Amino acid sequence: MSEPPLASNTPSQRDRPPSVDRLARSLASSGLPHPVLVEVARSAIAANRADHAADMAEQRARRLLTPVINATGVLLHTNLGRAPFGHESTASYTNLELSLASGKRGSRWNLVGELAATACGADAAIVVNNCAGAVLLSLAALAAGEGVAVSRGDLVEIGGGFRIPDVMRQSGAQLVEVGTTNRTRLSDFQQVQDDIALVMDVHRSNYRIEGFTESVSVDQLATVDVPLIADIGSGLLDATCPWLEGPPPPWLRDEPAARQTLEAGADLVLFSGDKLLGGPQAGIIAGRADLVERCRTHPLARALRPGSLVTGALQALLLTYLERRGNDIPFWRMATTPVEQLEERARGLASETGWEWVQTEATPGGGTLPGVTIPSCGVATDANVIAPLRARMRPIIGRVEEGRTIIDLRTVDPADDETLAEALAESSR
Ligand SMILES: *Cc1c(COP(=O)(O)O)cnc(C)c1O
């Protein structure tokens, strides 16, 4: 008889103690697939905690991606996937890379890129996986081996380890720091003009510099004799918000918008899909057609391109913008709900649950608009019940302030109010 192979990817019944398999089967009600339960059973036995295997299976199940109710009042919560956005997608083939006109191979880049360009008034645009990818790709395509001038006040770290100097290094471009942390002038850029291929302006998304400060506006930077890239990050398409019925909300006041940044003279703008744009995770590069084309044809573009899921979702979103149906974009609907409506819901919820209705302050979040608050309403109770609310089948994520649990309704879809009422009533029993 021949020996069984020494290394096998699927452990056979032989090298698994029978009790592992039996224990795994006993955990089937957790809903996890058997191979995952085998891992759980193994670690339970290895830790001598077979009696805790059911708890461990439940904990494992809780690590799966699951819809939650965001009651934090933070509209773009980094831990909760930033913008809420759903998109219908069937298991269908698409014309992702087919030209329906010619029947020949088409380019996925044109599909949603053209809509993005129209939406922000650019000549051309392409979409990559996120804004970090947009920064990396545009620096690699336009300035590898050359200098890129950035104000010292703009050398930012966005959450999650995205640091401009590090991304710059990875792109092969050389950072040319100009000015100082608090004050940078146009002349600082002009002095290095002959040593650089690009100027990059980076929006201070998540911090402010106050006091004795000076910075150079986009229209001034555009006078420097090299292309200007503006990483605006947040993804506000147009400062006038033509997709909204009313005027732009006052809390957007100082936020740079793609259209106005291009009008002010930026050659390219870069922004995220899942911040103020309110869509799926994506990064958009929009602006001068020749520069966009250099990004599109750079070898890294292939590694950063989205597939049909993101392309389809972003297309649906951009069409909604272009049809000026802002209320059909969950982020904008939540962000602009009149506070009176939230108060009415909060009062209703309070009478159903025994919680108290309260005025609150919501925030845009997502590393955008630091210090900005949006008037909101919700309900509160005098105990910290954050953990039991989070432990529910449909987790509810609230916040605690001075020992009180606060449920902010600005970020809750009214369709979830009933689920919320039930949970809150139970938690205070
Ligand atoms: C958020 C942000 C990024 C990173 O965007 P991702 O889409 O998360 O990769 C880059 N630059 C600025 C200025 C940002 O605000």
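One-based numbering along the sequence shown. Note that the structure is predicted; figures quoted are calculated from it, not measured. Both ligands and their constituent atoms are indexed starting at 1 by order of listing.
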Which residues pass the side-chain contact (heavy atoms from CB on, under 4.5 Å) test with Thr311, sequence neighbours left out? Leu96, Leu111, Val112, Pro306
Not counting sequence neighbours, which residues clear side-chain contact (heavy atoms from CB on, under 4.5 Å) with Asp274? List them please.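 Asp274 satisfies side-chain contact (heavy atoms from CB on, under 4.5 Å) with Arg82, Ser272, Gln281 once adjacent residues are dropped.
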Only pairs at least two apart or in different chains count here, so list each salt bridge (Lys or Arg N to Asp or Glu O under 4.0 Å) that has a residue in residues 179-198.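 Counting only pairs at least two positions apart or across chains, the salt bridge (Lys or Arg N to Asp or Glu O under 4.0 Å) contacts touching residues 179-198 are Arg183-Glu214, Arg185-Glu214.
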Compile the protein residues with any heavy atom at a distance under 4.0 Å from an atom of ligand 1; present them by chain, then by number. Arg82, Asn130, Cys131, Ala132, Ile158, Phe162, His203, Ser205, Asp231, Gly233, Ser272, Lys275
What is the minimum heavy-atom distance between Ala173 and Leu139, and which atoms define it? CB-O, 4.3 Å
Among side-chain atoms of Gln260 and Asp238, is any donor-acceptor pair under 3.5 angstrom? yes
Is it the case that the side chain of Arg390 and the backbone of Ile396 share a donor-acceptor pair, with hydrogens and angles ignored and the cut-off at 3.5 Å? no
